[in-house]
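This report concerns only the one structure given below.
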2 protein chains.
Amino acid sequence: MDNRDNVQRPRVTINDIAEATGFAASTVSRALSRPGRVNAATRERIVAVARELSYVPNTHARALTSGRTETVAVLVSDVTNPFYFGLIRGTQHQLKAAGYTHLLIDTENSGELESHTLSKMRQSIDGAIMATSRLSRRLLAELAAELPLVAVNRMVRGVESVVLDSPSGVAQAAEHLISLGHREIVYMSGPQNSWANEARWRSLVAAAARHGLPVHRLGPFPAGRMSGSAAADALINTRATACIAFNDLLAIGMLTRLRERGVGVPDEISVVGCDDMFGADFCYPTLTTLAAPIEQAGRVAVSMLLARLHDSAPATRQSAVLPTHLIVRESTGPAPR
Amino acid sequence: MDNRDNVQRPRVTINDIAEATGFAASTVSRALSRPGRVNAATRERIVAVARELSYVPNTHARALTSGRTETVAVLVSDVTNPFYFGLIRGTQHQLKAAGYTHLLIDTENSGELESHTLSKMRQSIDGAIMATSRLSRRLLAELAAELPLVAVNRMVRGVESVVLDSPSGVAQAAEHLISLGHREIVYMSGPQNSWANEARWRSLVAAAARHGLPVHRLGPFPAGRMSGSAAADALINTRATACIAFNDLLAIGMLTRLRERGVGVPDEISVVGCDDMFGADFCYPTLTTLAAPIEQAGRVAVSMLLARLHDSAPATRQSAVLPTHLIVRESTGPAPR
DNA sequence: TTGAAAGCGCTAACAA
DNA sequence: TTGTTAGCGCTTTCAA
């Protein structure tokens, strides 16, 4: 007995179509999933009947025999972090266009959950796109050896990846601040295990060095708006007139705190964020930030992954680097004299 | 030949465990998925060996025979709408706690996509939670008859649902504005086919009527920050000193435009939003808004759905109503004289 | 180009 | 309590 009150209509299978058309089930299967290997007329007939009976292929049966699921997992550390908006949209569109199912997974900032989920899901997905992985280099490479994987915002040897050209972006931000007369620039550091954080810091050091300026870093601060208070307080305690924050979330948190403490932005301190996430254009003051084509990154990652899944050629292990650019808004201004 | 270079380790199946323990495959199956119906010692042995071989059950094979997938779909009209953050978190946690997989689906504001996706997914999910459905009453009820379904933020007869008590919340907002001396309050309407929009409008009318005040509505405006400009311009054109916007997205868009046009908030116009979404506390000025326990709504929805899936009793077709409350921030103030 | 038949990994009768 | 057996719906050899 079915314990739900839902109408469980008898599902249409290829056998029903086989019966209705007089062809064998195997022919129906071929006609539906491998149209090239069947007589055109036969295929048309079968497809027509399939539609008529509103046949829906059983993905489980298909996956069981073929191993393919037409599903790609997209792992992000926190679905509700606006930074991922663009990535989610990009992967979503590109996957849908290719007829794939988008399985969005929230790894809750845990590297362990990443690999655990992925191995549990192994048979349910054809591949995965991993954003901002918290995994160690070694573990990530191991994972990539077990299933088709593309990393976003993380570069590891042996793993295909799409990264944003933070170095050039951070350099732009530094030039911008320097051109405004700032001489003491501080980097508000994000989580220590963040690859992007290290990349940003290093390029800031390099950019400042080119101008003969020293830079310091404060933190690390957990990536989140909450950390903004501590970050702002720490910053006020220095002689710096400008800072570049690991990301917009942190920067916005700082703006709130600076306002609370009566420190004028940009009159006393200039703040630059990273990511141009949702909210950067309506916080107060609006945030100068480093924008990256994250939606495009999602699309590129999907393309790379699908190429990998479809091509007979071995993966090329390449990585794509996408350009970033600075968006100047109200939170930066001339250095106070 | 495998065309990927990934190591396809031979997957461990229950047959391997059967062989290793000497039990029949069916016993292994029972021990693993129905522990009560097997000798304790047997179970222990089997579980131990399963772990040793790092066995992972094949979800497709399981779904194929049993029809159960331990997966629940959560449909939202737009994953990147901050309003859903709490809902996503709530459902995520509750589902994970119950050992279910969370399949997050973006329906891109299309009712058609909702039902289409759901019927395609029918065999891949045990049930669904549908937020803010765009479907007609009839279609939603039909869908609910076909699979276990809980609607959030939408009330339809014959469909279990979790809704937020907007009426009481909007009344609070109205009282707040009236107590500040506002006499001309306008409702900035959201999409016409939105159930919540109608509910909010009706309760505002009722609340105002209790004070003998008339209210007008402007719009409808598409729910999005972009619509804020048109909404703000329309509002300025009236004699209203206060407005309640369909949601925070719209309200924040309005704030931006009002600032552009040099209209003081709250000095000249007070603005109230709905939802207390991400950003409402850092926009400028910070937004007075109606907060709803949306995360709790997600948890409750999952509980209702799981009860439905597990219990032998027929669904009770009940609906839960969660309280809302007003959060007063900077965007509301005394009416100008 | 098409059909027959085997079997993917698991669950669920039924029997013992 | 456990084993035997028969599929779930599909894909994929292998033959015709």
Side-chain angles (χ1 to χ4, degrees), chain A residues 1-3 8-47 49-50 53-71 120-124 126, chain B residues 1-3 8-47 49-50 53-71 120-124 126:
Chain A
M1 260 269 321
D2 191 71
N3 63 10
Q8 296 287 4
R9 329 183 173 160
R11 286 251 140 213
V12 179
T13 73
I14 52 170
N15 296 305
D16 300 321
I17 301 177
E19 205 170 323
T21 56
F23 289 105
S26 52
T27 304
V28 175
S29 168
R30 271 187 296 253
L32 261 24
S33 47
R34 198 155 308 213
R37 300 169 83 77
V38 119
N39 186 309
T42 305
R43 188 188 63 235
E44 267 174 43
R45 172 108 182 76
I46 290 177
V47 168
V49 171
L53 302 177
S54 54
Y55 164 76
V56 178
N58 184 316
T59 50
H60 299 296
R62 180 172 280 175
L64 191 55
T65 45
S66 71
R68 279 172 289 107
T69 61
E70 314 271 271
T71 297
K120 238 184 54 182
M121 289 268 152
R122 183 61 193 93
Q123 4 116 348
S124 306
D126 290 348
Chain B
M1 260 273 317
D2 190 70
N3 64 9
Q8 296 287 7
R9 326 181 175 164
R11 286 252 141 210
V12 179
T13 73
I14 51 170
N15 296 304
D16 299 321
I17 302 177
E19 204 170 324
T21 56
F23 289 105
S26 55
T27 303
V28 175
S29 169
R30 272 188 295 256
L32 262 21
S33 46
R34 197 151 310 208
R37 301 169 82 79
V38 120
N39 184 310
T42 304
R43 190 187 62 236
E44 268 176 42
R45 173 108 181 76
I46 289 176
V47 169
V49 171
L53 302 178
S54 54
Y55 164 76
V56 179
N58 184 316
T59 50
H60 298 295
R62 179 172 284 173
L64 192 55
T65 44
S66 71
R68 281 172 288 106
T69 61
E70 314 270 272
T71 297
K120 239 184 52 180
M121 290 267 153
R122 182 61 194 95
Q123 4 116 347
S124 306
D126 290 348

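Residue numbers start from 1 in every chain, and the chains themselves are labelled A, B, ... in the order their sequence lines are given, proteins ahead of strands.
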_Strictly distance-based, threshold 3.5 Å: is any side-chain N or O of A:T69 a donor or acceptor partner for the main-chain N or O of A:A63?_
no

*What string of B, S and - do you get for nucleotides 8-16 of chain C 5' to 3' if you count protein non-hydrogen atoms under 4.0 Å?*
BBBBBB---

_Length of the line joining A:L32:CG and D:dG9:P, which is rounded to integer Å_ = 15 Å

*What's the spacing between A:D16 CG and A:T21 OG1 if we round to 0.5 Å?*
10.5 Å

*Does A:S33 use its side chain to pair, donor to acceptor, with the backbone of A:R30 at less than 3.5 Å?*
no

*Rounded distance in Å - CG (B:N39) to P (D:dG3)*: 11 Å

*Point-to-point distance, once rounded to the nearest 0.5 Å, from CG of A:N58 to OG1 of A:T13*: 9.5 Å

*In whole angstrom, what separates A:L53's CG from D:dG9's P?*
15 Å

*Hey, could you give me the OG1/CG distance between A:T27 and A:L32, rounded to the nearest 0.5 Å?*
11.5 Å

*Euclidean distance, A:R37 CZ relative to A:S29 OG, rounded to 0.5 Å*: 11.5 Å

*Using atom CD1 of A:I17 as one end and atom C1' of D:dC10 as the other, report the distance to the nearest whole Å.*
12 Å

